[in-house]
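Computed from a prediction, not measured in an experiment: that's the story for all the values here. Letters A, B, ... are given to chains in the order of the sequence lines, protein chains preceding strands, and every chain is numbered from 1.
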Number of protein chains: 2
Amino acid sequence: MTTLPAYQNIKNHILEAIHNGVWKEGEAIPAEMQLAEQFGVSRMTVNRAMRELTAEQIVTRIQGSGTYVAQQKYQTTLVEIKSIADEIRARGHKHRSELQQLSQSKASDSLKALFELKTKSTLYHSLIVHFENDIPIQVEDRRVNAAIAPDYLKQDFSRITANEYLMMAAPLQGVDYQIEAITAPEHIAALLHISTHEPCLVLHRKTRSMGCVASIATMWHAGTRYRFSGGF
Amino acid sequence: MTTLPAYQNIKNHILEAIHNGVWKEGEAIPAEMQLAEQFGVSRMTVNRAMRELTAEQIVTRIQGSGTYVAQQKYQTTLVEIKSIADEIRARGHKHRSELQQLSQSKASDSLKALFELKTKSTLYHSLIVHFENDIPIQVEDRRVNAAIAPDYLKQDFSRITANEYLMMAAPLQGVDYQIEAITAPEHIAALLHISTHEPCLVLHRKTRSMGCVASIATMWHAGTRYRFSGGF
DNA sequence: TAGTGGTCTAGACCACAGC
DNA sequence: CTGTGGTCTAGACCACTAT
C-alpha cells in the first residue's frame with residue numbers, strides 16, 4: 001500500500017466524519033487554518049481537499065462565512081437504475097414499501113407485444129408503493145418476464161426492492177425509458193394520496209437481460225413531490 | 001463581467017484551442033512550465049487549470065510524459081442537448097418557432113444566484129414557442145449570460161434555435177437538468193393552447209461554458225403531446 | 001539524464017460575511 | 001473589525017517517462 005497524498009487523507013477523514021454523523025447536514029466544518037494545523041499541513045493542501053469535496057457536492061463553501069455539509073439532493077440519475085430505497089436512505093430518510101398486488105398470468109396480446117414475445121408466456125405482476133418518511137413517493141407497477149426471474153413471486157419485497165432482485169437475478173443488458181407528465185388514474189391517485197387532476201411524473205422503463213425483455217415498469221410520482229435530475 | 005481567475009483564463013484558452021482544432025485528439029499540449037511562462041503565472045496556477053481539465057475529461061495527463069487531448073467521449077443520449085427543430089424534422093414534421101419576447105436586463109437577486117454571479121451583470125431573456133405541424137409543442141423560456149453570448153439579441157431565431165446558437169458561441173462544459181411534472185402558469189398555458197390545470201412536462205436545464213453558467217432554460221411541454229425518451 | 005507531472009510549503013493579497 | 005474562503009507565488013522534492 002502506497003501512502004496516500006495528504007489532501008486525500010484529509011478528504012477521507014472529512015468523508016468519514018460526515019458519514020459517521022460527526023458533522024450533520026448544514027453544519028459547519030472547521031476552517032481551513034484549523035484543519036491545516038490539525039493535520040500538520042499547509043493551508044493550500046487543505047484548500048485542495050476542500051475544493052475537491054465541493055466539486056463532489058459533499059460540502060458547500062461560502063466565502064467569508066465557512067464550509068458546511070451539503071444538503072442531500074433529490075436526485076435520480078436515469079442512466080443508472082438506482083434503488084429507490086437507497087436513494088431515500090441516502091437522504092437520511094426512512095424507506096418503507098407496501099406490496100399491493102402480486103400475481104402471475106399469461107401475457108395478454110398487448111403485453112405479449114410489449115415484451116416482444118412470440119408466445120403468450122407467463123408474466124408476473126407486482127404493484128408496490130414506496131414511502132419516504134411515510135409519505136407515498138412512488139407507485140411502481142411492474143410486469144416481469146417469468147423466464148428471466150422465475151423466483152419473483154417468492155421475494156420478500158419489504159426486504160429487497162423489485163429492482164434490486166432483478167439486478168441480482170439477471171445481468172442488465174439495456175434500458176429504454178420514457179418520461180411523461182399526465183394525470184393519474186383513480187387507483188394510482190388513491191395510492192399516492194393525491195387528487196385525480198394533479199399532475200404525475202411518470203417513468204416507463206423497459207429492461208433487457210439475456211436477450212429478452214426482462215421487465216416493464218411504470219413508476220408514478222406526485223408532481224409536487226418528486227423530480228428527476230442529472231448532469232455531467 | 002468580473003475578471004476571471006487566472007486558472008480559468010488558462011482553461012478557457014486551452015478549451016478554445018481544442019475547440020478550434022489547434023490541438024487535436026491525442027496530441028500533446030505544452031508543458032506546465034511552458035504555459036506558466038506564456039501566461040505569466042506560476043506553475044501551480046497552470047497545474048490547477050490542467051488538473052481541472054483532467055477531471056473534466058478534456059485532457060489526459062501522464063506523469064513523466066506529458067498532457068494530451070483526451071478522446072472525445074460518447075455523450076450518453078440522456079443528456080444530449082438535442083435541437084428540438086432537428087428532433088421534429090427527424091419525425092418528418094414541420095418545425096416553426098415564434099419569438100414572443102427578447103430583451104436584456106440586469107440580473108435580479110434570484111437570477112444572480114442561479115447564474116452564480118458575483119455582480120448583477122447583464123442577462124438576455126428570450127421566450128420562444130416551438131410548433132410541430134403548427135401545434136405548439138414547447139415553450140422555451142431562456143436566460144442567457146451576456147458575457148458568454150454577446151450577440152444573442154442579434155440572432156434570427158426563426159433560422160437558428162437558441163440552443164444551436166449557444167453551442168456555436170461557446171464550447172459546452174457541463175449540463176444540469178431537472179425534470180418535473182407541474183401545472184402551467186396562465187401565460188404558458190395560453191401559449192401551449194392548454195388549460196391551466198393540464199399537467200406539463202417541464203425540463204429545467206443549466207448549461208456551463210468557460211467556467212460560467214452560460215444559460216438557464218425552462219422548457220414547458222403539454223403532458224399529452226410530449227415525452228422524453230432514451231436508453232442504452 | 002533531462003523533462004514531465006504530482007505534490008507540498010509558507011507565505012501573500014483579496015473579497016466577503018458576520019459581528 | 002476579525003475570520004473566512006478564493007486565489008496566487010516562487011520556490012521545493014519526488015516519481016515517473018523517454019532518450
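Partners of B/R51 under the salt bridge (charged side-chain N to carboxylate O under 4.0 Å, His left out) rule, at least two apart in sequence or in another chain, do not exist in this structure.
B/Y152 and B/S215 share no donor-acceptor pair across their side chains, judged by distance under 3.5 Å alone. B/K106 and B/S121 share no donor-acceptor pair across their side chains, judged by distance under 3.5 Å alone.
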Pairs under 3.5 angstrom, nitrogen or oxygen only, protein versus nucleotides 6-10 of chain D, please.
| unit_1 | atom_1 | unit_2 | atom_2 | d |
| --- | --- | --- | --- | --- |
| D/dG6 | OP2 | A/R61 | NH1 | 3.0 |
| D/dG6 | N7 | A/R43 | NH2 | 2.7 |
| D/dG6 | O6 | A/R43 | NH1 | 3.0 |
| D/dT7 | OP1 | B/Y7 | OH | 2.9 |
| D/dT7 | OP2 | B/R48 | NH1 | 3.2 |
| D/dT7 | OP2 | B/R48 | NH2 | 3.0 |
| D/dC8 | OP1 | B/A6 | N | 2.2 |
| D/dC8 | OP2 | B/Y7 | N | 3.4 |
| D/dT9 | OP2 | B/S42 | N | 2.7 |
| D/dT9 | OP2 | B/S42 | OG | 3.1 |
| D/dT9 | OP2 | B/T45 | OG1 | 2.5 |

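Using cut-offs of 30° and 60° on the angle between ring planes, the pair A/Y226 and A/H221 is parallel.
Residues in residues 7-16 of chain A take part in these salt bridge (charged side-chain N to carboxylate O under 4.0 Å, His left out) pairs, two or more places apart or across chains: A/K11-A/E52, A/K11-A/E56.
Put simply, B/S65 has no side-chain N or O that comes within less than 4.0 Å of OP1 or OP2 on D/dC16.
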